[in-house]
Novice: 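The structure is given below, and queries will be raised subsequently.
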Protein chains: 2
Amino acid sequence: MHWGVHTWKGSSGLSTALPRRGIPDATVARLPDYLRVLTAMSARGIPSTSSEQLAAAVGVRSAKVRKDLSHLGNHGVRGVGYDVANLSMKIAAELGQAREWPVVIVGMGNLGRALAAYGGLASRGLRVIGLFDHDDAIAGQRVAGLPIRPMADLDSVARDADVIGVIATPGPSAKEAADALVAAGVTSILNFAPGSLAVPDEVELRKVDLATELQILAVHKQQRYAEVSRDVPLAGVAP
Amino acid sequence: MHWGVHTWKGSSGLSTALPRRGIPDATVARLPDYLRVLTAMSARGIPSTSSEQLAAAVGVRSAKVRKDLSHLGNHGVRGVGYDVANLSMKIAAELGQAREWPVVIVGMGNLGRALAAYGGLASRGLRVIGLFDHDDAIAGQRVAGLPIRPMADLDSVARDADVIGVIATPGPSAKEAADALVAAGVTSILNFAPGSLAVPDEVELRKVDLATELQILAVHKQQRYAEVSRDVPLAGVAP
DNA sequence: TAGATTGTTAATCGATTAACAATC
DNA sequence: TAGATTGTTAATCGATTAACAATC
């Protein structure tokens, strides 16, 4: 078995060179936003909408909305707009809600508990079916209606269920969590712990670092200061 | 005052057309990874390293490491590599650790508590100085050594302190939190709540959705199935 | 000098955007 | 038909990558 630290991306990594189907990740990331807005419109009895309205509600440009939706096929009507109900169904289908995806969370600290209780999952066809922690002392505690289970139970829950695994442990425990998930046959893993993990090539591993965006904000803030101070100092000096 | 839902990006939005200084966001996002590896090397007494070694440790290609580091200036030595201590300092400086950035968190549910306790912040020059929740009943509780304060205290803590604001509330409370932050003069906000927020143009608002990457994993999983089933069905049929 | 490794170039790729022809 | 809005095109931008000249 060949192992690497690289993330499985797109359709590369599979045997045959495939015809590059698949919606861009950037579009996939926005689809839930559109769906949320459409659902709200539907609840208010609004039958149809336009790319301009969707764009305004989500906070992007209308051209991006049209480009995004065009990846789902052509469901709009020129001069008219999009049917709210129809478009909602199309997005929901694309987001995998045709099939509900089971999720297990490893690591039941604050972050794991936050994820288990996160409302945004169910609306995206993601169902949390198992919570695990290597501290057997907290096994049995209930979080969001599910019991925390010992790691020993992971294999029986994940095996054959084709789950997505989420690592929400502190950094040092992440490797243990990843190994346990891989050993249980999990092939899709999302890692919230800092640091990089090695998984077999056939496992898709993605990583979210809660501090990254905060970091970027801090650097931009610093740059704003640097820019202002570079603008000012020569004032008064000969041009 | 002009309001919009758009995010402040890069140096656009400021008065003058600036000479496009600033390290790419994608690079900024990776700098903490390099720093973490360098710190570990330093602790083990390793004096110098190479782009290949850093790349292997972080899980990227060496060309990317060299490109990233070149944005910091030329601190490597051809034929030799990078000095661990020197490079660590350069990265730390760039990450804003010359100045420590104060952070306030609004919303002290599980996610807010997870962020308050998140070890990755301090190592990046981010210091949590205030925790807030609109439920006054939990005011006074201590999380990670800090007391939870009522929203009424936000202005006195944030005003003039030039803080970065983090919204960790449930979706419906996010607007209230954003308005309070803006009213207190905060100009950098990270939103973990679902939905979009409107802020004045001079405020940089970034958003993290915990479910987005999970969503992408689910869609990729679905695509893998679709690909496999498209590969199989014609087997046995004339070529 | 010979070997090693950087810093940079140029090709490529994916995402964004404005503009507009197509078409209801 | 006139007006509205989509779907697509082409330009642009930022990020990735391989390759290699520069240089220790």
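Proteins get letters first, then strands, A, B, ... in listed order; numbering begins at 1 in each. Excluded from the calculations below are hydrogen atoms, water molecules and symmetry mates; all remaining heavy atoms, backbone and side chain alike, are included.
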Novice: Under a 3.5 Å distance rule, please check whether Lys90(A) uses its side chain to pair with a backbone N or O of Gly73(A) as donor and acceptor.
Specialist: no
Novice: Which nucleotide wins on minimum distance to the side chain of Arg61(A), given the candidates dT17(C), dG7(D), dT16(D)?
Specialist: dT17(C)
Novice: So, OP1 or OP2 of dT5(D): does either fall under 4.0 Å of a side-chain N or O from Ser51(A)?
Specialist: no
Novice: To the nearest Å, give me how far apart CG (Asp68(B)) and P (dG14(D)) are.
Specialist: 16 Å
Novice: Which distance, rounded to the nearest 0.5 Å, do you find between the CD1 of Ile189(A) and the CD1 of Ile164(A)?
Specialist: 11.0 Å
Novice: Return whichever of Thr27(A) or Val77(A) has its heavy-atom-nearest nucleotide of DNA chain C closer to the 5' end.
Specialist: Thr27(A)
Novice: Step by step, would you call Asp25(A) with Arg206(A) a side-chain contact (heavy atoms from CB on, under 4.5 Å)?
Specialist: CA-CA 12 Å; Asp25(A) 287 351; Arg206(A) 298 184 76 94; 3.9 Å; yes
Novice: Can you tell which of dT8(C), dA15(D), dT16(C) lies closest to the side chain of Pro24(B)?
Specialist: dA15(D)
Novice: In whole Å, what is the span from the CG atom of Leu87(A) to the C1' atom of dT6(D)?
Specialist: 13 Å
Novice: Strictly below 4.0 Å: does Arg66(A) bring a side-chain N or O up to OP1 or OP2 of dT9(D)?
Specialist: no
Novice: Quick one: Leu69(B) CG to dT8(C) P, roughly how many Å, whole number?
Specialist: 12 Å
Novice: Whole angstroms only, please: what is the CD1-P distance between Ile23(B) and dA15(D)?
Specialist: 12 Å
Novice: What does dA10(C) pair with, Watson-Crick or G-U, if both distances are under 3.5 Å?
Specialist: dT17(D)
Novice: Asp25(B) has an atom CG; how far is it from atom P of dG14(D), in whole Å?
Specialist: 10 Å
Novice: Can you tell which of dT16(D), dT8(D), dG7(C) lies closest to the side chain of Asn74(A)?
Specialist: dT8(D)
Novice: Over how many whole Å does the gap from Leu54(A) atom CG to dT6(D) atom C1' extend?
Specialist: 13 Å
Novice: Quick one: is dG7(C) close enough that its OP1 or OP2 comes under 4.0 Å of any side-chain N or O from Tyr82(B)?
Specialist: yes
Novice: Using a 3.5 Å distance criterion without hydrogens, assess whether the side chain of Lys207(A) forms a donor-acceptor pair with backbone atoms of Ala193(A).
Specialist: yes
Novice: Select from His75(A) and Ala63(B) the residue whose nearest nucleotide in DNA chain D is closer to the 5' end of that strand.
Specialist: His75(A)
Novice: Answer yes or no: side-chain N or O of Arg78(B) and base N or O of dT23(D) forming a donor-acceptor pair under 3.5 Å.
Specialist: no
Novice: Give the rounded distance in Å between these two atoms: NE2 of His71(A) and C1' of dG7(D).
Specialist: 11 Å
Novice: Can you confirm whether the side chains of Arg66(A) and Ser70(A) place a donor and an acceptor under 3.5 Å from each other?
Specialist: no
Novice: Within this structure, what is the NZ-to-C1' distance between Lys64(A) and dT17(C), rounded to whole angstrom?
Specialist: 9 Å
Novice: Between dT9(C), dT9(D), dG7(D), which one does the side chain of Lys67(B) approach most closely?
Specialist: dT9(C)
Novice: Tell me the partner of dA22(D), counting only Watson-Crick (N1-N3 plus N6-O4 or O6-N4) or G-U wobble (N1-O2 and O6-N3) with both under 3.5 Å; none if nothing fits.
Specialist: dT5(C)
